[in-house]
Participant: 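Right, I'll just put the structure down here and ask away after.
No experiment lies behind these values; they were computed from the predicted model shown. FYI, the numbering just counts along the sequence from 1. Quick note: numbers below take in every heavy atom, side chains included, and nothing from hydrogens, waters or symmetry partners.
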Amino acid sequence: MARAGLTAERLTQAGAELADQVGFDKVTVSALARRFGVKDASLYSHLKNSQDLKTRIALLALAELADRVAAALAGRAGKDALVAFANAYRDYAREHPGRYAATRLRLDPETAAASAGGRHARMTRAILRGYDLTEPDQTHAVRLLGSVFHGYVSLEMAGGFSHSAPGSEESWSRALDALDALLRNWPAP
């Protein structure tokens, strides 16, 4: 019989909170069971295993991030949309480091197709409509933006920019200016 009060949704939310506290890589069914003061077996009526838990956390994080980005993009275009998207992404990573790490989890194709990952891609492409890019350049630009945002955020969160001036906030702003300039002047093949 399932323990009263435990649901897959509640366990996923608690797992996401645990990921933010201790790191996504340290989230396991055992760690979550300890958090609830129960035996591991109590969770297996709701979760298959630690990989299932991590997948659920990744799906939650992808949806949360997509909602945040969508709200930031509302009514914006061009550089304003680019900056709003980038800042929403960066702010989420700073506020929820474990969940952000979960968004990088490799999902099987079926799970990925049903996730909010598609919303992220559509929102990125919506930003690029303001820059008049066509295929295949639009796909190249989507990959560039994802690489810059993820790379910058990952390096910043690891302390990579904390040892020199100017501060990372100024560099972030300049990087967004540079991306805007590049997207407005995309090189011909």
Participant: Can you tell me how far apart NE2 (His150) and CZ (Arg104) are? Round to the nearest 0.5 Å.
Facilitator: 5.0 Å
Participant: For Arg143, is the CZ atom crowded, meaning more than 12 foreign heavy atoms sit under 6.0 Å from it?
Facilitator: no
Participant: Taking the side chain as every heavy atom from C-beta outward, state whether Leu105 and Gln51 have any pair of such atoms under 4.5 Å apart.
Facilitator: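 Yes, at least one pair of side-chain atoms sits under 4.5 Å.
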Participant: Going by atom types alone, do Trp186 and Asp132 pair a side-chain donor with an acceptor below 3.5 Å?
Facilitator: no
Participant: Would you check if Leu179 and Leu144 make a side-chain contact, meaning some heavy-atom pair closer than 4.5 Å?
Facilitator: yes
Participant: Can you tell me if CZ on Arg174 sees more than 12 non-hydrogen neighbours from other groups inside 6.0 Å?
Facilitator: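 Open: at most 12 neighbouring heavy atoms sit under 6.0 Å from CZ of Arg174.
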Participant: On a heavy-atom basis, which atom in Leu32 and which in Gly15 lie closest, and how many Å separate them?
Facilitator: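 What the structure gives for the nearest pair is CD1-N, 3.7 Å.
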Participant: State, yes or no, whether a side-chain contact exists between Arg125 and Thr139 at a heavy-atom distance under 4.5 Å.
Facilitator: yes
Participant: When Leu11 is tested against each of Leu47, Asp52, Ile57, Leu18 for side chain to side chain contact (heavy atoms under 4.5 Å, CB included), which residue passes?
Facilitator: Leu47
Participant: Does a sphere of radius 6.0 Å around CD in Glu110 hold more than 12 heavy atoms from other residues, nucleotides or ligands, not counting ones at 6.0 Å or beyond?
Facilitator: no
Participant: Is Ser171 reaching over with its side chain to a backbone N or O of Ser168, donor-acceptor style, under 3.5 angstrom?
Facilitator: no
Participant: Could you state the interatomic distance from OG1 (Thr28) to CG (Asn49), rounded to the nearest 0.5 Å?
Facilitator: 11.0 Å
Participant: Do Arg56 and His46 make a side-chain contact, defined as non-hydrogen atoms from C-beta onward lying under 4.5 Å apart?
Facilitator: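 The answer is no, as the side chains (C-beta and beyond) never meet within the 4.5 Å cut-off.
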Participant: Can you find a pair of side-chain heavy atoms, one from Thr103 and one from His120, that are under 4.5 Å apart?
Facilitator: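 With C-beta onward as the side chain, the pair stays apart.
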Participant: Are the side chains of Tyr92 and Arg99 in contact, using a 4.5 Å heavy-atom criterion?
Facilitator: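 A side-chain contact exists here, since the closest heavy-atom pair is under 4.5 Å.
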Participant: Would you compute the distance between atom NZ of Lys26 and atom CD of Gln21 and round it to the nearest 0.5 angstrom?
Facilitator: 13.0 Å
Participant: State, to 0.1 Å, how close Leu128 and Leu145 come at their nearest heavy-atom pair, and which atoms those are.
Facilitator: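 Closest pair (atom of Leu128, atom of Leu145, distance): CD2-CD1, 4.0 Å.
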Participant: Could you give the distance from CZ (Arg90) to CD (Glu95), rounded to the nearest 0.5 Å?
Facilitator: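 Output value for this atom pair is 11.5 Å.
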Participant: What distance separates Leu155 CG from Phe161 CZ, expressed to the nearest 0.5 Å?
Facilitator: 4.5 Å
Participant: Heavy atoms only: give me the nearest Ile127-Ala81 pair and the separation to one decimal.
Facilitator: CD1-O, 3.9 Å
Participant: Do the side chain of Tyr131 and the main chain of Asp180 share a donor and acceptor less than 3.5 angstrom apart?
Facilitator: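 Here the side-chain-to-backbone pair does not exist.
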Participant: Looking only at non-hydrogen atoms, find the nearest pair between Ala58 and Ala102 and report the distance.
Facilitator: CB-O, 3.2 Å
Participant: How far does CG of Asn87 sit from CZ of Arg68, to the nearest 0.5 angstrom?
Facilitator: 11.5 Å
Participant: Between Arg119 and Leu62, does the side chain to side chain contact (heavy atoms under 4.5 Å, CB included) criterion hold? Intermediate values first, please.
Facilitator: CA-CA 9 Å; Arg119 286 178 61 202; Leu62 285 166; over 6 Å; no
Participant: Grab the two heavy atoms, one from Trp172 and one from Ala86, that are nearest each other, plus how far apart they are.
Facilitator: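 Nearest heavy atoms, Trp172 then Ala86: CZ2-O, 3.4 Å.
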Participant: In terms of hydrophobic clustering (I, L, V, M, F, W, Y; side-chain heavy atoms under 4.5 Å; direct or indirect links), are Phe36 and Leu60 co-clustered?
Facilitator: no
Participant: When you group the ILVMFWY residues by side-chain heavy-atom contacts below 4.5 Å and let the links chain together, are Val83 and Val142 in the same group?
Facilitator: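 Val142 and Val83: one cluster.
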Participant: Tell me, do Lys79 and Asp177 make a side-chain contact under 4.5 Å, heavy atoms counted?
Facilitator: yes
Participant: Restricting to non-hydrogen atoms, name the atom on Arg76 and the atom on Ala84 that form the minimum distance, rounded to 0.1 Å.
Facilitator: CD-CB, 3.4 Å
Participant: Does a side-chain heavy-atom distance below 4.5 Å link Leu6 with Leu43?
Facilitator: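 Counting from C-beta outward, Leu6 and Leu43 do come under 4.5 Å.
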Participant: Using the ring of each side chain (for Trp, its six-membered ring), is Tyr100 parallel, tilted or perpendicular to Tyr89, with breaks at 30° and 60°?
Facilitator: perpendicular
